[in-house]
Amino acid sequence: MKRLILLQLAFLLSFYFVNAQEADSIIEKKIDVLIKQMTLDEKVRMCHANSKFSSRGVPRLGIPDLKMSDGPHGVRAEISWATWDYAKWTNDSVIAFPALTCLAATFNPQMAYEYGVALGEEARFRNKDIILAPGVNIYRHPLNGRNFEYMGEDPLLAAQMAVPYIKGVQSIGVAACIKHFALNNQERWRGHINVKVSDRALYEIYLPAFKAACQEGDAWTLMGAYNKYNSQHCSHNDFLLNKVLKKDWGYKGVVMSDWNATHNTLEAANNGLDIEMGTWGKRWDTIFDFSEYYLAKPFEQALLKGEVSEDVLNDKVRRILRLCLKTNMRTDRPIGKIGGEHSIIARNIAREGIVLLKNNNQMLPLDASKTIKIAVIGENAVKPMTPGGGSSELKALYEVSPLDGIQKRFKNAAITYSRGYESPTFAWGKKPELKFNADSLAKAAIEAASKADLVIFVGGLNKNFFQDSEGGDRKSMDLPYNQDSLINEILKVNPNMLMVLLTGNAVSMPWINKVPAIVQAWYIGSEAGNVIADVISGDVNPSGKLPFTFPVKLEDCPAIRNGAISYPGDSINQEYKEGIYVGYRWYLTQKIKPLFPFGYGLSYTTFDIKPATSGIQKVKANETFTIKANITNTGKVKGSEVLQLYVRKPKSVVDRPLRELRAFKKVALEPGQTSTVELSVAAQNLSFYDEKKGSWTLEPGEYLIEVGTSAENILFTNKISVE
Ligand code: GLC
């Protein structure tokens, strides 16, 4: 009987597999038929934009245009057909989800999947076939204007959070677009800076998240970066696109350029660019015929002259048609929706992403039943954070400000608000203007603080230019607008301060020893105020962990201490001299104490974590090993902890960071509950990139497997021996 069941199962499974392969070959046959029917002009027109955010289909054959939209935190408001102006629609407001730094800080891949599904539904409803997200450029230093859009300093964390996000988006029939490939780790001179980096750092730090996105996430599209690598623009870079992406990784999706990142017809044709987007006309934002694009008439001329073979064109069209058959040529895609339960998803992600950095004498959670006097101070308590920051900005259906959220939740408290400081408001073409007198703002805030039981300072950066925004890097790691001096003045009259930081980057904290409680609240979108109130009131027990290190000072950062050629470069070239020693890989190896380490985050409860694996495991090269731990919630409230598994190899043929993250798992526990957590790692993931061989090498011998709750806080160590 058992044999019969097994035979039946084998038959059904074989049918499934044949089906999957068959489905692929049916799609490829469909594409063959379509390509045969297309004229040269029709094929060339598919390879470039026909508006700011769409590329052309083939109306004659019923192939629709591909419609795209930013961005990683929500569907951007509609842009005009051929200029950067917003189209001023009245029905394109959306839910603003938390920034991807906050998503990464959840260390919870399930949150990433739910994020992707909700974003995909909003993109479908807005009739978009491609959402230009997620960005996974590695956090190399705290000055990069776009770090808030990315997922931190560790390639494994970025990879494991990007893959479910992509799967979620694409489950709705919307293509994700993994960006910006590759080495786009700053905004300064982003359009042309030529990055020089060791092969080992390229393969071990800067490529893994992209590789996972393409191979595990099956991202249907990828966006080339603005900058250069090996003196060739990344959006048409032979090594990155033809060799690494399409040949080595076997990528079958569509490569698009970043907007105005294409500079040369023959390179664009031959070096793996499939769709040219956003090329500017002779002057800024010319409404010019899209036939001037490099992959338009000039490409057609090159084909007709035989400078480029038609096979090159057909491969581009094949990839684009594959994408169309998965998106705009499908009739079974859901309609999608905007709002509704997406608010709950946005709130849950932010609840899990907020990081409690400091909580002296259990100052938090605050007792909302108390009738205390609270002085809320800081422009960030009221400033909308969903607009601004560049292409990821949003027209939100709503945005609950931190002040709104605090007032709603702490009804018994007497709450005053003082702006305290002011950032200049920017309007295109106008001088930045300030409306208030800085001294009187500060005086009023200090006065309010002196009369309160508690000060909640809501400060940080604000996605203004140079303050966490695309197009410009920060000039320092300090808080802007004289916040530090205001904070110090306030502490003199009232030391009972809760600091709530809204940033997408690390900031220096000269006042840190005087502030009893600090919450890192990121940019968390429409539900911001509700989530901040959830956490500081104890309705939610924070469980976020830092996706990047907070160094004490900028000079501690490896990219900064190696001089101008390392950052920002000499305006032509730039050298990543720190190699693989990015983030905690540097600080731990160099024994430079950071303000807060990678993977760090406090909780309102306590956990006891014990090893549940003993002895030295022998592991073959093609095997996976598993480390177990028993974790108990020894506190009074439910909470989640993130167990992190780091690997060390004290004796090695190459230099290695002190430890490297190789697995993590978040576990939620009721008070008193114990759970056994399993952390598994494939031995292959312990390999290093061998520059001499030009491939990965798995070194045999002993490895230390360290389990902890941050890059610094290792609780126990196991050993494995790789044969
Ligand atoms: C921008 C960004 C990219 C964005 C694109 C369209 O310059 O680099 O992330 O998706 O252009 O706005």
Side-chain angles (χ1 to χ4, degrees), residues 48-55 66-87 92 94 99-101 119 123 126 128-138 144-151 158 162 165-166 169 174-193 195 209-210 213 219-228 233-236 254-263 273-280 284-285 290 293 387-395 463 465 468-473 504:
H48 62 81
N50 71 336
S51 83
K52 258 305 178 218
F53 280 90
S54 66
S55 61
L66 279 165
K67 298 172 289 303
M68 330 173 173
S69 171
D70 288 313
H73 308 147
V75 187
R76 189 177 186 181
E78 203 66 21
I79 300 251
S80 300
W81 184 252
T83 72
W84 280 109
D85 304 314
Y86 280 108
D92 57 352
V94 295
L100 294 195
T101 39
L119 177 58
R126 283 277 306 282
K128 305 300 176 187
D129 304 307
I130 306 170
I131 189 87
L132 302 168
V136 290
N137 293 102
I138 289 296
N144 177 19
R146 295 185 82 175
N147 277 333
F148 72 97
E149 287 187 55
Y150 304 145
M151 297 206 202
Y165 175 110
I166 291 163
V169 168
V174 174
C177 179
I178 190 76
K179 69 187 188 179
H180 307 84
F181 189 68
L183 298 161
N184 180 190
N185 304 98
Q186 67 190 47
E187 289 302 287
R188 187 84 184 278
W189 299 316
R190 70 172 178 170
H192 62 270
I193 195 78
V195 175
F210 289 100
W220 295 341
T221 71
L222 170 141
M223 186 186 295
Y226 280 119
N227 52 285
K228 289 182 180 176
H233 279 98
C234 289
S235 282
H236 35 80
V254 169
V255 173
M256 69 176 78
S257 70
D258 200 336
W259 268 238
N260 200 38
T262 310
H263 304 275
L273 178 61
D274 300 315
I275 304 182
E276 173 189 359
M277 295 303 298
T279 301
W280 284 335
W284 178 273
D285 258 349
F290 291 89
Y293 270 51
S391 59
S392 64
E393 70 169 349
L394 296 170
K395 185 198 294 187
K463 293 169 67 177
F465 213 50
D468 278 354
S469 170
E470 177 175 349
D473 289 341

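Each ligand, and each atom within it, is numbered from 1 in the order the structure gives.
Residue Y226 approaches ligand 1 through these ligand atoms, each under 4.0 Å from one of its heavy atoms: 1 (C), 7 (O), 8 (O), 11 (O). Residue contact check: L132 has heavy atoms under 4.0 Å from atoms 10 (O) of ligand 1. Residue contact check: F53 has heavy atoms under 4.0 Å from atoms 6 (C), 12 (O) of ligand 1. Close approach to K179 involves these atoms of ligand 1, each under 4.0 Å from a residue heavy atom: 3 (C), 4 (C), 9 (O), 10 (O).
Contacts between M68 and ligand 1, counted as non-hydrogen atom pairs separated by less than 4.0 Å, are absent for every part of the residue. Neither the backbone nor the side chain of E187 has any atom closer than 4.0 Å to an atom of ligand 1 (non-hydrogen atoms only). Residue-level proximity to ligand 1 for M223 is carried by the side chain, the only part with a heavy atom below 4.0 angstrom. If you look at E393 next to ligand 1, there are no close heavy atoms at all, none under 4.0 Å.
Between the side chains of S257 and E276, no donor-acceptor pair is found at a separation under 3.5 Å. In this structure, a donor-acceptor pair under 3.5 Å is present between the side chains of R146 and H180. Between E187 and Y226, the side chains place no donor N or O within less than 3.5 Å of an acceptor N or O (distance only, hydrogens not considered).
Checking only distances, W259 never comes within under 3.5 Å of ligand 1, N or O to N or O. Looking at W84 next to ligand 1, no N or O pair under 3.5 Å apart turns up.
For H180, the heavy-atom gap to ligand 1 drops under 4.0 angstrom. Judged by the shortest distance from any of its heavy atoms, R76 lies inside the 4.0 Å radius around the atoms of ligand 1.
Ring geometry for H236 versus H263: interplanar angle over 60°, hence perpendicular rather than tilted (30 to 60°).
Nearest-residue assignment for atom 3 (C) of ligand 1 (options D258, N137, I131; heavy-atom criterion): D258.
Closest protein heavy atom to atom 1 (C) of ligand 1: E470 OE2, 3.2 Å. Atom 6 (C) of ligand 1 has as its closest protein heavy atom D70 OD2, 3.4 Å.
With M256 as the fixed residue, the side-chain contact (heavy atoms from CB on, under 4.5 Å) test singles out one of I130, L222, T262: I130. Among V136, T101, L100, N184, the one residue that satisfies the side-chain contact (heavy atoms from CB on, under 4.5 Å) test with Y150 is N184.
Using a cutoff of 4.0 Å between basic side-chain nitrogens and carboxylate oxygens, D92 and K395 are scored as salt-bridged. Using a 4.0 Å cut-off between a side-chain N of Lys or Arg and a carboxylate O of Asp or Glu, E393 and K463 do not qualify as a salt bridge.
Here the side chains of L119 and I131 are in contact, with some heavy-atom distance below 4.5 Å.
Of all the heavy atoms in W259 and L132, the pair that sits closest is CH2-CD1, 3.6 Å.
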